[in-house]
Amino acid sequence: MRKLLIILTSLLLTACVDDSASYHVDGENGSHVLTLHRVQKHFWSKDSDVEIIIQHLPDCLRRIPLTDMPADEVEVELLSGGDNVWTLRAGEEVWQVESQTCSQYPDVKGDGGELIGVFRVDEKKLVFEAAVLESVPDTAPANK
């Protein structure tokens, strides 16, 4: 009977999601990181809680709840406005945070800035995909 309960309990937990993806502002070994975290609290729930974890050591470390989203459809754009100001955008919802003091702005100002990348679900795992910068073709005449 005990083995059956253990197996059933593990089956109930298999549908839950609890993962994260990170953008390393100053490189893989740096201390300035923005991490998007999603957690599905119950296996029967289709939604997951989404939050941003801002780390800029030694100045700050903070979790900021953002929204609920369908667990398999999390897609959040990350934009940089410069001066450690970051804008997160998911559809019509927009949040702006500052990573020097780990604070969230009450109102979003400006257009958000340059697209850095997108946090999205890829094969049931949350990943960060960096934006691809388009190269401008060289139109200068060649010297002969």
- Task: Check side-chain hydrogen bond (donor to acceptor under 3.5 Å, both in side chains) between D47 and all other residues, then give those that pass, not counting sequence neighbours.
- Result: none
- Other cluster members, V94 - Ile/Leu/Val/Met/Phe/Trp/Tyr, side-chain contacts below 4.5 Å: V108
- Give me the other members of the hydrophobic cluster that V97 sits in, counting Ile, Leu, Val, Met, Phe, Trp and Tyr linked by side-chain heavy atoms under 4.5 Å, directly or via other members. Y23, V25, L34, L36, V50, I52, I54, I64, L66, M69, V74, V76, L78, W86, L88, W95, I116, F119, V121, L126, F128
Counterpart residues, side chain to side chain contact (heavy atoms under 4.5 Å, CB included), relative to [X] (two or more places apart):
{"X": "P65", "answer": "none"}
{"X": "R120", "answer": "E75, V118, V127, E129"}
{"X": "D83", "answer": "none"}
{"X": "E98", "answer": "N84, V85, Q100, T101, S103, Y105"}

- Applying salt bridge (charged side-chain N to carboxylate O under 4.0 Å, His left out), which residue pairs with at least one partner in residues 59-69 are found, sequence neighbours left out? E51-R63
- Item | Residue pairs involving residues 21-31 (criterion salt bridge (charged side-chain N to carboxylate O under 4.0 Å, His left out); sequence neighbours excluded) | none
- Message: Restricting to salt bridge (Lys or Arg N to Asp or Glu O under 4.0 Å), what partner residues turn up for K41, sequence neighbours left out?
- Response: D49
Quiz question: by atom type and distance under 3.5 Å, do the side chains of [X] and [Y] form a donor-acceptor pair?
{"X": "D18", "Y": "H37", "answer": "yes"}
{"X": "S45", "Y": "Q40", "answer": "no"}
{"X": "E93", "Y": "T67", "answer": "yes"}

- Task: Using the disulfide bond (SG atoms under 2.5 Å apart) rule, collect all pairs that involve residues 41-123, keeping only residues at least two apart or in two chains.
- Result: C60-C102
- Query: Counting only N and O atoms by type, is there a donor-acceptor contact under 3.5 Å from the side chain of S31 to the main-chain atoms of L57?
  - Reply: yes
- Item | For the student: nearest non-hydrogen atoms of H24 and G27, plus distance | CB-O, 3.3 Å
- What's the shortest heavy-atom distance between S48 and A71, and which atoms? OG-CA, 3.6 Å
- Task: Walk me through it: do D111 and L79 pass the test side-chain contact (heavy atoms from CB on, under 4.5 Å)?
- Result: CA-CA 9 Å; D111 65 354; L79 300 102; over 6 Å; no
- Message: Run the ring pair (Phe, Tyr, Trp, His ring centres under 6.0 Å) test against H56 and tell me which residues pass, sequence neighbours left out.
- Response: H32
- Check the pair Q96 / T87 against side-chain hydrogen bond (donor to acceptor under 3.5 Å, both in side chains), numbers first and verdict last. CA-CA 4 Å; Q96 207 163 48; T87 301; 3.0 Å; yes
- Item | Sidechain N-carboxylate O distance under 4.0 Å for D19, R38 | yes
